[in-house]
Amino acid sequence: MNTFSIAIHGGAGTLVKGMMTPELETRYKAALQLALDSGYHILESGGTATEAVEKAVVVLEDSPLFNAGKGSVFTATESHEMDASIMDGKTLNAGAVSLITGIKNPVSLARDVMEKSEHVFLAGDGAMQFAKELDYNLEGSSYFYDELRHNQWLEIKDTDSFQLDHAKKKDSKFGTVGAVACDKEGNIAAATSTGGMTNKKWGRVGDSPMIGAGNYANNKTCAISCTGSGEFFIRGVVAYDVACLIEHKGLSLEAAASEVIHKRILEIKGDGGLIAIDTKGNIAMPFNTEGMYRASKSSTGTEEVSIYK
Ligand code: ASP
């Protein structure tokens with residue numbers, strides 16, 4: 001049997017030790033642990049990597065602590081526009097949605113795009129029409145309301161600025177969520193979900209739903225989920241770049257992930273991190289910010305739930 005393992009993230013950023021109350025830190029770690037265990041349980045019972053990453057991301061989307069699903073940040077028009085993607089490394093099938101509203105679990109809609117449509121990427125009104133045809137329930141705006149997120153938005157709403165879930169502040173962080181997994185068969189998958197950036201407008205879309213930029217999976221190389229300033233991760237084609245370094249330069253998972261996050265993306269001033277896995281169940285979780293909400297668990301017995309460097 002193959003080593004099976006899973007890694008998750010809840011965003012990277014200026015997460016400095018001592019900044020958060022011990023109570024809040026405990027809440028974050030408990031939320032990460034719950035998502036990790038939910039995904040790992042699926043792998044342990046013989047489920048696929050795709051099922052495991054979807055489940056882990058659903059749990060993170062249901063938490064108000066992260067900028068995805070329930071905890072999504074506010075747009076310039078005081079609404080929520082969410083993006084998500086999922087990719088199966090065995091088949092190279094992928095599904096993605098962007099600019100969707102009212103959907104409790106965007107990652108599940110992305111999986112439906114992958115499995116129930118002929119397409120890869122559906123956006124805006126069309127994606128909502130697709131959800132309607134699949135009988136998705138729509139949540140009202142009160143489901144997504146969070147006082148902290150609303151205050152973040154009130155502070156910048158009349159300006160032209162948009163920010164990455166509290167960027168340039170002492171507690172600057174990106175709250176996008178993601179998961180990568182390797183199942184007992186040695187197949188890998190990746191999923192990513194986000195509310196994007198506070199006060200975003202003009203239908204701004206980041207890297208999270210873009211296959212190859214914020215999310216990628218291929219059994220030949222690795223599965224990746226990113227978090228950080230989306231504009232830079234799109235230009236750096238970050239997730240696919242890690243896969244390319246493995247495929248064409250023969251780098252290990254750890255070396256390739258580190259090269260992209262600590263060198264190549266920094267050269268274009270991109271800040272953030274990623275989680276990576278390969279078909280042997282190896283995991284890498286590099287970030288070039290002060291911290292990244294992250295956790296991993298492997299059938300070899302290793303387990304980690306961390307926030308800081
Ligand atoms: N990458 C996301 C975006 O640009 C933000 C994040 O990672 O929090 O939409």
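One-based numbering, in listed order, for ligands and for the atoms of each. Quick caveat, the model's predicted, so the values are computed rather than measured.
Residue contacts with ligand 1: T176 is placed with a nitrogen or oxygen under 3.5 Å of a nitrogen or oxygen of the ligand (distance criterion only). The N/O atoms of T194, backbone and side chain alike, include none that comes under 3.5 Å of an N/O atom in ligand 1. Not one N or O of G206 is nearer than 3.5 Å to an N or O of ligand 1, by distance alone. Polar contact with ligand 1: absent for S229 (N/O pair, distance under 3.5 Å). Inclusion of G230 in the set of residues having an N or O under 3.5 Å from an N or O of ligand 1 is warranted.
Of all atoms in ligand 1, numbered sequentially from 1 with element shown, those under 4.0 Å from a heavy atom of T227 are 6 (C), 7 (O), 8 (O). Counting atoms of ligand 1 from 1 in the listed order, those under 4.0 Å from a heavy atom of G196 are 9 (O). The distance from ligand 1 to the heavy atoms of S208 drops below 4.0 Å at these ligand atoms: 1 (N), 2 (C). Atoms of ligand 1 found under 4.0 Å from any heavy atom of G175, numbered from 1 in the order shown, are 8 (O). Listed by number with element, the atoms of ligand 1 under 4.0 angstrom from any heavy atom of D207 are 1 (N), 2 (C), 3 (C), 4 (O).
Residues R294 and E304 are paired through a salt bridge, judged by an N-O separation under 4.0 Å between the basic side chain and the carboxylate. In summary, E44 and K297 do not engage in a salt bridge, as defined by a charged side-chain N under 4.0 Å from a carboxylate O. Using a 4.0 Å cut-off between a side-chain N of Lys or Arg and a carboxylate O of Asp or Glu, K70 and D146 do not qualify as a salt bridge. Under 4.0 Å is where a charged nitrogen must lie from a carboxylate oxygen, and between E115 and R111 at least one such pair does.
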Trace of the ring pair (Phe, Tyr, Trp, His ring centres under 6.0 Å) decision for H9 with Y293: CA-CA 5 Å; H9 72 78; Y293 295 108; 9.9 Å; no
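For L43 against S5, the heavy-atom pair with the smallest separation is CD1-O, 3.4 Å.
At least one heavy atom of R204 sits less than 4.0 Å from an atom of ligand 1. In this structure, G214 has no heavy atom closer than 4.0 Å to ligand 1. By the 4.0 Å heavy-atom criterion, G11 is excluded from the residues contacting ligand 1.
Formation of a donor-acceptor pair under 3.5 Å by the Y216 side chain with backbone atoms of A243 is not found in this model. Under the 3.5 Å distance criterion, the side-chain polar atoms of D183 are matched with a main-chain donor or acceptor of A49.
Residues passing the side chain to side chain contact (heavy atoms under 4.5 Å, CB included) test with T101, sequence neighbours excluded: E81, M128.
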